[in-house]
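Numbers restart at 1 for each chain; the letters A, B, ... are given by sequence-line order, proteins then strands. Because the structure is a prediction, the values reported are computed rather than measured.
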Amino acid sequence: MTDHPDRTAAGRNFIRAIIAADVEAGKHGGAVVTRFPPEPNGFLHIGHAKAICLSFGAAAEHGGVTHLRFDDTNPETENELYVRSIQEDVRWLGFDWGDHLYFASDYFERLYEYAVELIEAGLAYVDSASEEEIREYRGTVTEPGRPTAYRERSVAENLDLFRRMREGDFEDGAHVLRAKIDLASSNMLMRDPVLYRIRHADHYRTGGDWCIYPLYDFTHCLSDSIEGITHSLCTLEFDNNRELYDWILDHLEVPQPQPRQYEFARLNVEYTLLSKRNLLRLVEEERVEGWDDPRMPTVAGMRRRGIPASALRAFCDMIGVAKTENRVDFAKLEYAIRDELNPIAPRVMCVLRPLKLVVDNFPEGKLEELEAPYFPEDVGKEGSRLVPFTRELLIERDDFEEDPPKGFRRLVPGGEVRLRYGYVVRCADVVKDENGVVTEVHCTYDPETKGGSTPDGRKVKGTIHWVSASHSLPTEVRLYDRLFSVPDPEKGGDAEDFTVHLNPDSLTVLTDSRIEPSIKADPADTTYQFERTGYFVHDGVDSRPDHLVFNRTVTLRDSWAKARKAAEVGAAGREAAENGAEEARPSKTAREPTGGKGSVGVRVRDHR
RNA sequence: UGGCCCGUCGUCUAAUGGCAGGACACCGGUCUUUGGCACCGGCGGUGAUGGUUCGAAUCCAUCCGGGCCAACCA
């Protein structure tokens, strides 16, 4: 899995430096045990991928192990479906927890005993104040908290009450167990944090065994301790929790040395959001088709989109680990994807928005099979397929211009262009409908240029992709763009609903695309490069032999589109209206018009 | 507002008192039967002000800016 050799270089980030120093110093006997502790209440996303790469990577670097532990202490939000998807996703990412699969819910009995120990030491008490009261008595960041009426209960009374809480003698919310620490602490988390609450709810694993459930701060440090974790890595927002993490372990009889918590900055990516709460909203409100919608930043979504696990790992390597708040450029992810796919994705030809091209001097009914390599020279991989060449072909609508802009290197009236792996053709004539829309391009081909070479040495500047009109396969193609139209959709906080920033153009469905027939013989999970357009993969959910569906993983870099865009700056949004014709809304199934008429002038939206 | 954390090219990230480096992006070029890939070159940064030091991104102080914390969520 070390596809990047320098990954093992010591001290590549501050956490790995700490771990390396600890190993060097012989702490924990030189052992490294980390853990990845997801709560099974949602799907894993790219932010988790960063945490997974860090925790698994840092341990593996020293021959250590990483535990997968479900932090399942909240029966109301967690379930089995999430447990399964999380395991599948971690495995798919390429990491192995071996035998070390754990559940915090398996520790409930031991946790209960630890709580009793705390009570016996006079360090925890049962508080019978209401939730509102406790909140009010906690004070604010500028005012200290005050004790409720129950803070000085005797150990015996606390023990009895806590036992009866477990027995089910009380209603939800009647009592809680609190640590007795410091109500005046400047760290709000130290103001007698709640350790246990009563919740008469069935847990997806323990069923009705318990009606009291431990909270995060109590559960997490002790779970780490129980499992012999050495380095407990989490994100920055748990910084304030560390003091409590240490306090609990310091005041209980636990194995030494204790695990230490280290925090790093969570990942943010431009034009997306990574909070599980809001991702869940997108799913529940059907703004997307589900957790695995290819537009989602979830591991499942990215997998369906065609992003290889190796690209995600490479991306995590590239972004590093630090404590600085960050928002990573979307282009960095795209780079990682292209960089992984370029050497492994076989090239095939698919025409996204077809325009008929008739080769006038090619015999009607004649079929010529042309050999086309799957990889360009520089990739250096063997393999080729035959592509059928016929009198009637289909080319990309964008590849013909009657009135070409400066620098246009494709087909124009009277001009020559090379059909990839085929012949050089010259445009002789154009057929238009009553609206002046081009419906057919007529060409003549030069038989001497078979395969694309020019024996006479003349330069043909443009090469375009094509398919046979009669032998190509119809396919649906789904083009994805960023889910949000602003770099930080959650910026407004709760004051603003992030859904207003959803990009209405995040999905474009093309229904009359045509692909070369060779792909019929390939495994369904093949990731292709459609020449000149991008990387595509069969949609794992909707694609069938009789109804092909391809997802665009990422576009190819397109310096022509970039140049065009730059040229148009200042020319105002003159094409806004035309673009509007092909947009589909998220989760809706609007289709691009299938006739030539409506789709003329439509440009492939650039991914940027 | 009290506490804690964090400020380095546009973005991400190195430099642990000793030449501010890399990646992505961007710009220019070479190559090219993908306007892809590759290669070459360029642009561009230590939030501010003081102080300590032969020497400060690094240590200290103040200020400015950003983030987290007042769930019986994690």
Notebook entry, point to check: Phosphate oxygens OP1/OP2 of C37(B): is one of them under 4.0 Å from a side-chain N or O of R557(A)?
Noted result: yes

Note to self: List the residues meeting ring-ring contact (aromatic ring centres under 6.0 Å, His included) with F238(A), not counting sequence neighbours, and say none if there are none.
What the structure shows: Y216(A)

Next item on the list: Output the single nucleotide from A25(B), C73(B), U34(B) whose closest atom is nearest the side chain of R347(A).
Entry: U34(B)

Check: Between A14(B), U34(B), A74(B), which nucleotide gets closest to the side-chain atoms of N74(A)?
Finding: A74(B)

Item checked: Selection from C72(B), U34(B), G35(B) that lies nearest to any side-chain heavy atom of P376(A) -> U34(B)

Next item on the list: May I ask you to verify if any side-chain N or O of R197(A) is less than 4.0 angstrom from the OP1 or OP2 atom of C73(B)?
Entry: yes

Check: If anything within 90° of 0 is syn and all else is anti, what is A25(B)?
Finding: anti

Check: Does F14(A) have its ring centroid less than 6.0 Å away from the ring centroid of Y262(A)?
Finding: no

Next item on the list: Identify, with sequence neighbours excluded, every residue that meets ring-ring contact (aromatic ring centres under 6.0 Å, His included) alongside Y445(A).
Entry: F362(A), Y423(A)

Margin query: Check the phosphate of C26(B) against K562(A), side-chain N and O only, distance under 4.0 Å to OP1 or OP2. Yes or no?
Written below: yes

Checklist line | Closest to the A322(A) side chain, choosing from C72(B), A14(B), C12(B) | finding: A14(B)

Note to self: Determine whether a donor-acceptor pair (one donor, one acceptor, N or O, separation below 3.5 Å) exists between the side chain of R410(A) and the base of G35(B).
What the structure shows: yes

Checklist line | Presence of R138(A) side-chain N/O under 4.0 Å of C72(B) phosphate oxygens OP1/OP2 | finding: yes

Notebook entry, point to check: Can you tell which of G10(B), A23(B), C73(B) lies closest to the side chain of R199(A)?
Noted result: C73(B)

Check: Does G35(B) have W560(A) stacked on its base, where the ring centres are within less than 5.5 Å and the planes differ by under 30°?
Finding: yes

Next item on the list: Could you check which of C73(B), A70(B), A25(B) has an atom nearest any side-chain atom of R135(A)?
Entry: A70(B)

I'd like a table of atom pairs between the protein and nucleotides 62-69 of chain B - only N or O on both sides, under 3.5 Å - with the distance next to each one.
residue	atom	partner	partner atom	Å
G67(B)	O2'	E325(A)	OE2	3.3
C68(B)	O2	N240(A)	ND2	3.2
C69(B)	O4'	N240(A)	ND2	3.2

Set out, line by line, the N/O atom pairs under 3.5 Å between protein and nucleotides 39-43 of chain B.
none

Notebook entry, point to check: Taking a pair as Watson-Crick (N1 to N3 plus N6-O4 or O6-N4) or G-U wobble (N1-O2 and O6-N3), both under 3.5 Å, which stems of 3 or more consecutive pairs involve RNA chain B?
Noted result: B:2-7 with B:64-69, B:10-13 with B:21-24, B:26-30 with B:38-42, B:47-51 with B:59-63

Note to self: Using only modelled atom types and a 3.5 angstrom limit, is any donor from either the side chain of Q529(A) or the base of U34(B) paired with an acceptor on the other?
What the structure shows: yes

Check: Of all the nucleotides listed (U34(B), C27(B), G35(B)), which has the minimum atom distance to the side chain of F408(A)?
Finding: G35(B)

Note to self: Does A74(B) have its OP1 or OP2 closer than 4.0 Å to a side-chain nitrogen or oxygen of T73(A)?
What the structure shows: yes

Item checked: C12(B) phosphate, OP1 or OP2, under 4.0 Å from T324(A) side-chain N/O -> no

Item checked: Results of ring-ring contact (aromatic ring centres under 6.0 Å, His included) for F70(A) - residues two or more places apart only -> F103(A)

Next item on the list: Please report, rounded to the nearest Å, how far the P atom of G36(B) is from the CZ atom of R420(A).
Entry: 12 Å

